[in-house]
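Single-structure report; data block below.
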Amino acid sequence: MNRTPVPRPVPWRRPAWRVVVFCAIVVVAFVALLVRLIQVQLVQGERYRAQAQANQIRLIPVAAPRGIIFDRHGTAIARSRPSFVVGVIPSEVRNAARELKTLAEILGVDDRVLWYRLLHHRGVNYDGFDNVVVNEPYGPVILAEDLPVAAVARLSEVLTDLPGVDLEVQPIRDYPHGRAGSHLVGYVGAITQQEYEELKHRGYSPNDVIGKDGLEQTYDAYLRGTPGGQRVVVDATGAVVANIKLGSRAAIPGDTLRTNLDWRLQQIAENALADQIRSLGRRTLSGAVVAEDPWTGAILALASYPNYDPNDFAAVRWKHIARDLTDPAQPLFNRAIAAATPTGSTFKMVTGSAALTEGVVRVNQIVDDTGGWDCGGYYARDIAAGGLGNTTFVPALAASSDGYFFRLAWWLGNERLRKYALAFGLNAKTGIDLPGENEGNWPTSAWERRVFGVPMEPSEACFLGIGQGAMQATPLQMVNVASAVINGGTLYQPQIVREIRSPGGRVVAQFPPRVIRHVPVTAAALAAVRAGMSKVTDPGGTAYGLAIDGLPFSGKTGTVETDGGNGPNTTWFIAWAPTAHPKFAVAVFVDRSGGYGATVAAPIARSILTQYFHKKP
């Protein structure tokens, strides 16, 4: 019986091509690994070694001196001075409770004060020292500044027994003129957590001191400089290796600001404003002065009262800071650029030039000023009963006749009045290089519906035309209006800083005069306004009796009713001198002072002019 042979299994053999491919992959991988190894070790060895070392090195920062701020003549307005400070490097502290208690005894303060500063650094509330170590291991957390020499000497003796406590000299901001110019310069303070989050992408650190207001804030990026500090080595856990000392990195001072300010004029303005307000005997009174070069828009002086001492903020004098923050007179409020109120008759500069440009009245046209005008069913009356009788534009402006200007404003109407108010820069920020500017207000029917619930009435033109009603402007805006009247209608952007220079003297930035617009008024109209304001101290002028021997000056008074006529008047005065070739224009504003522009604000301007031009008072 034949049997079918069982087939034998064929033994499996590895295909040759697979072996070749596998070997090729191994060889390629080995070559790639070898190439990469050569690249890392030989070609880029120094680079990776430097990166590894950088990961082990930390910088304990020391602030750079902030740049100096000068006036146009080289007078230092803000600078830095050396100050002894004591702080802690949290990761190096061995016994926080013992060390802070020792520090408190030397400094003569309660240790709870130091604990508060440590656990509330930069406005962050830490729940314990360990949390500080985690979040700010290298600090330094500054606990006290401006140490007296005696405290420095005692602290130096025990410093070796206080690991992590650091005594060093750091620059502190110094304002040599104290309160003068405080609203111009501003002040500095420690960066808050919120500010740090907003600024860290620009290279700011959690321990920076930054500008908080004024020029210090606007130009902080230039003034701050580049911090230096002590370099230390840390181990894998982030702890400082104490026995390895590295060289320190020098700080680079900030850039220098050279401003348009005339510090002599600034101090004269500050004193004249303060003296007049104090003489009125009411502590809560406030006011402002702004002086501007009408040919360039350069700000020569800017004062706001009450003011404050920025050194209190630089040296962290908490009691003084708290007093400024809670004072009902609001000394931190910059009234020169942010106090917007009706301007009274100073606005007649705008109304008059608009009326002459539009042809609603001619310069020599005789108008019978009866002391009032029918404004669409509402008879508006001048405070001076009877008016001027037959008069023309120039004497009517010098006498500030409301009856005359009621009819000019009525003839112009709300729409044209608004056109010229906006052309002269009202209802818009000027763009001055200071934070906190108020754009003021010029009402519209839509605005009045939103605020009062009723539309705008045609009769409102009469009151807006004399600077009353819902219009509002700042002293800065009004001095800018005056400058445009002087220079023939060019509205400049007010500018404080003229140029920025590096510590070595290289020009970093310059700020030449910048034109906002040319106001669409005729040269003849502006000439008539100037002529009327030149007669303000003549008989019949609202500032008669305030003339200065040897110094002809032009001006315009303004008096604003408050609380519907039941509150104290707000007073204004606009002036420039000399009349023929003005060196500067000045706006003076005193809020709710009572009296009149001629009796309150004008004497301030007169005092400024007499002192600046060396005339007899």
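- A donor-acceptor distance shorter than 3.5 angstrom exists from the side chain of Thr559 to the backbone of Gly597, with no hydrogens or angles considered.
- Rounded to the nearest 0.5 Å, atoms OG1 (Thr341) and CE (Met478) are 9.5 Å apart.
- With sequence neighbours left out, Arg501 forms a side-chain hydrogen bond (donor to acceptor under 3.5 Å, both in side chains) with Glu499.
- A distance-only check finds a donor-acceptor pair linking the side chain of Asp71 to the backbone of Trp263 [under 3.5 Å].
- Under the 4.5 Å side-chain criterion, counting only non-hydrogen atoms from C-beta, Asp433 is in contact with Gln495.
- Between Tyr308 and His183, the distance separating the two ring centers is shorter than 6.0 angstrom.
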Side chains of residues 400-414: which donor-acceptor partners sit under 3.5 Å, not counting sequence neighbours?
from: Ser400; atom 1: OG; to: Ser345; atom 2: OG; distance (Å): 3.1
from: Ser400; atom 1: OG; to: Lys348; atom 2: NZ; distance (Å): 2.9
from: Ser400; atom 1: OG; to: Lys556; atom 2: NZ; distance (Å): 2.8
from: Ser401; atom 1: OG; to: Asp369; atom 2: OD2; distance (Å): 2.5
from: Ser401; atom 1: OG; to: Tyr404; atom 2: N; distance (Å): 3.1
from: Asp402; atom 1: OD1; to: Lys348; atom 2: NZ; distance (Å): 2.7
from: Arg407; atom 1: NH1; to: Asp368; atom 2: O; distance (Å): 3.4
from: Arg407; atom 1: NH2; to: Asp368; atom 2: O; distance (Å): 2.9
from: Asn414; atom 1: OD1; to: Ala461; atom 2: N; distance (Å): 3.2
from: Asn414; atom 1: ND2; to: Glu457; atom 2: O; distance (Å): 3.1

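- Remark: the Asp591 side chain and the Thr570 side chain contain an N/O donor-acceptor pair separated by less than 3.5 Å.
- Among all heavy-atom pairs drawn from Phe553 and Ala575, the shortest one is CD1-CB, 4.4 Å.
- In this structure, the side chains of Tyr492 and Ile516 stay at 4.5 Å or more apart for every pair of heavy atoms.
- Checking Glu561 against Asn569 by side-chain atom types alone, no donor-acceptor pair falls below 3.5 Å.
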Which side-chain N or O atoms in residues 418-428 pair as donor and acceptor under 3.5 Å with protein atoms at least two apart or in another chain?
from: Arg418; atom 1: NH1; to: Trp442; atom 2: O; distance (Å): 3.2
from: Tyr420; atom 1: OH; to: Glu358; atom 2: OE2; distance (Å): 2.5
from: Asn427; atom 1: OD1; to: Trp442; atom 2: N; distance (Å): 2.9

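- Rounding to the nearest 0.5 Å places NE2 of His177 at 11.5 Å from CG of Leu184.
- Ring centroid separation for the pair Tyr612 and Phe584 comes in under the 6.0 Å cut-off.
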